Number of protein chains: 2
Amino acid sequence: MFSQASEYALRALTELARCDRQEWILTGDLAELLGVPVHYLAKVLQTLARKGVLESQRGRQGGFRLAESPENITVYDVVRELDDVRQLESCIMGESECSDDTACPLHNLWRDVRDEFVESLQNTSLRELAEFQEKRPGSSRLTIVKPKLPVVKASKVPNGRNSPRQNNRTFGSHYLLNTRSNFVP
Amino acid sequence: MFSQASEYALRALTELARCDRQEWILTGDLAELLGVPVHYLAKVLQTLARKGVLESQRGRQGGFRLAESPENITVYDVVRELDDVRQLESCIMGESECSDDTACPLHNLWRDVRDEFVESLQNTSLRELAEFQEKRPGSSRLTIVKPKLPVVKASKVPNGRNSPRQNNRTFGSHYLLNTRSNFVP
DNA sequence: TGTTATTCGGATAACTGAGTCTTATTATCC
DNA sequence: GGATAATAAGACTCAGTTATCCGAATAACA
């Protein structure tokens with residue numbers, strides 16, 4: 001459904017929401033905790049920082065943290081920056097002319113499902129994800145100790161040359177993780 | 001949401017459901033009516049024929065037709081053969097261990113939306129799509145005249161070198177349109 | 001001031017979906 | 001039987017997603 005980028009982002013930001021808002025969290029620690037590819041996660045987090053969802057701090061003692069309080073960031077806010085949510089609005093049969101007026105045969109069905117979905121994403125904040133995760137049996141978390149930042153790792157990290165898990169796709173991404181193109185037409 | 005393949009398939013099969021079940025319909029006529037790339041539509045229809053959703057007839061006076069009566073073919077039946085519907089069942093946050101027991105923070109939300117969606121797809125038949133299309137204002141259709149099969153074309157067909165409309169994605173396709181691999185593990 | 005630790009940015013590669021084109025196969029009609 | 005018209009099958013192109021890696025910029029610390 002979502003792209004890998006969005007999936008990684010949601011999982012990472014759920015963990016960030018469980019941490020002290022002032023602390024800078026390392027990409028590496030997040031990646032290890034979640035068991036996801038470090039470099040790719042880094043790109044995702046960089047994108048979210050560029051978009052204003054995260055704050056980043058370079059150099060020693062740097063890292064990432066939420067730009068706003070977790071209850072003010074919704075799941076939709078995150079996914080919107082990484083996937084092309086406009087495709088949720090477009091015709092499910094791919095017709096160019098399909099609206100409430102000129103509906104395709106599946107228009108109403110899809111509108112109902114999609115509206116419920118989008119509304120749910122907009123009504124769910126990172127705080128709720130974090131609270132749910134908190135109660136989850138066996139859930140590890142990032143432990144902040146003073147000068148160094150050790151990690152209680154969750155599962156064995158499968159290392160060595162991942163070939164890309166290709167194309168388990170999503171409702172679509174557009175230009176995604178590149179530096180340029182901050183505007184959406 | 002759906003792949004291009006599924007979108008084209010649904011639109012094409014909706015038209016097939018409006019035709020005489022005995023008639024063989026040409027890929028070219030369907031493509032012209034729908035304004036979709038002929039060769040790609042051909043691949044999609046061939047796949048559906050291989051999977052048993054359609055029947056095909058080679059040679060002169062050949063073409064495609066529904067393998068069963070339209071009320072016995074659901075939207076889900078079509079999409080299932082072209083997209084990897086198992087991905088709808090998998091975790092929306094990409095966690096490997098996520099079930100009703102070990103739920104991720106978005107598990108219940110996604111399960112509700114997805115179940116309603118899948119159920120709708122399974123409860124909607126091609127007959128319903130065809131009937132809806134029938135009532136639609138300005139909807140063209142394939143006109144079967146005796147020996148030749150002229151077509152009342154719907155809209156201007158944008159011809160000339162379509163570069164692939166890239167990656168407006170879907171919940172995922174797997175091996176999709178290749179000849180082999182009829183089984184799904 | 002120099003070292004170290006971190007994000008930032010670009011280059012590159014594998015894999016797949018979308019689409020085109022060409023050839024082979026097959027059925028019908030003259 | 002031969003010409004014709006259609007599906008069947010494969011090779012190929014193009015672009016986007018998912019990664020990996022490296023060097024540059026930058027901030028903290030000794």
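So that the names make sense, note that chain A is the first sequence line, chain B the second, and so on, each numbered from 1. Here the structure is a predicted model, which means the values were calculated and not measured.
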Worksheet item: Closest approach of A:Phe117 and A:Met1, non-hydrogen atoms and distance?
Response: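 Scanning both residues completely, I find the closest heavy atoms to be CE2-CE, 3.7 Å.
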Among [options], which nucleotide has an atom closest to any side-chain atom of [X]?
| X | options | answer |
| --- | --- | --- |
| A:Gln4 | D:dC21, D:dT18, C:dC8 | D:dT18 |
| B:Ser56 | D:dA8, C:dG10, C:dA18 | D:dA8 |
| A:Gln46 | D:dA8, C:dC8, D:dT18 | C:dC8 |
| B:Pro37 | D:dT20, C:dT7, C:dT20 | C:dT20 |

Interface polar pairs with nucleotides 28-30 of chain C, N/O, under 3.5 angstrom:
unit_1: C:dC29; atom_1: O4'; unit_2: B:Arg60; atom_2: NH1; d: 2.8

Length of the [atom1]-[atom2] vector between [X] and [N], whole Å:
| X | N | atom1 | atom2 | result |
| --- | --- | --- | --- | --- |
| A:Leu26 | C:dC8 | CG | P | 12 Å |
| A:Phe64 | C:dA5 | CZ | C1' | 14 Å |
| A:Glu55 | C:dC8 | CD | P | 12 Å |
| B:His39 | C:dT23 | NE2 | C1' | 12 Å |
| B:Leu30 | D:dA6 | CG | P | 13 Å |
| A:Leu82 | D:dT17 | CG | P | 11 Å |
| B:Asp83 | C:dT16 | CG | P | 16 Å |
| B:Arg65 | D:dT7 | CZ | P | 13 Å |

Fill in: Side-chain donor/acceptor of B:Lys43 to base of D:dG10, under 3.5 Å
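Yes.
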Report the residues that fulfil salt bridge (charged side-chain N to carboxylate O under 4.0 Å, His left out) with [X], sequence neighbours left out, ordered by chain and then residue number.
| X | value |
| --- | --- |
| A:Arg18 | A:Glu15, A:Glu134 |
| A:Glu68 | none |
| A:Arg111 | A:Asp100 |
| A:Arg58 | none |

Worksheet item: Does a side-chain N or O from A:Thr27 land closer than 4.0 Å to OP1 or OP2 of C:dT6, or not?
Response: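 Negative; the distance criterion is not met.
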Worksheet item: If only side-chain N and O atoms of A:Tyr8 are considered, is one of them under 4.0 Å from the OP1 or OP2 phosphate oxygen of D:dT18?
Response: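 For D:dT18, OP1/OP2 do not have a side-chain N/O of A:Tyr8 under 4.0 Å.
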Worksheet item: Looking for any heavy atom pair under 4.0 Å, which part of the strands does B:Gly63 touch: base, sugar-phosphate only, or nothing?
Response: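 B:Gly63: backbone/sugar contact only, no base atoms under 4.0 Å.
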Worksheet entry | Contacts of B:Glu131 that satisfy side chain to side chain donor-acceptor pair (under 3.5 Å) - sequence neighbours left out |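 Here the qualifying residues are B:Arg127.
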Item to complete: Treating Ile, Leu, Val, Met, Phe, Trp and Tyr as nodes and any side-chain heavy-atom pair under 4.5 angstrom as an edge, say whether B:Tyr76 and B:Tyr8 lie in one connected cluster.
Response: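 Same hydrophobic cluster.
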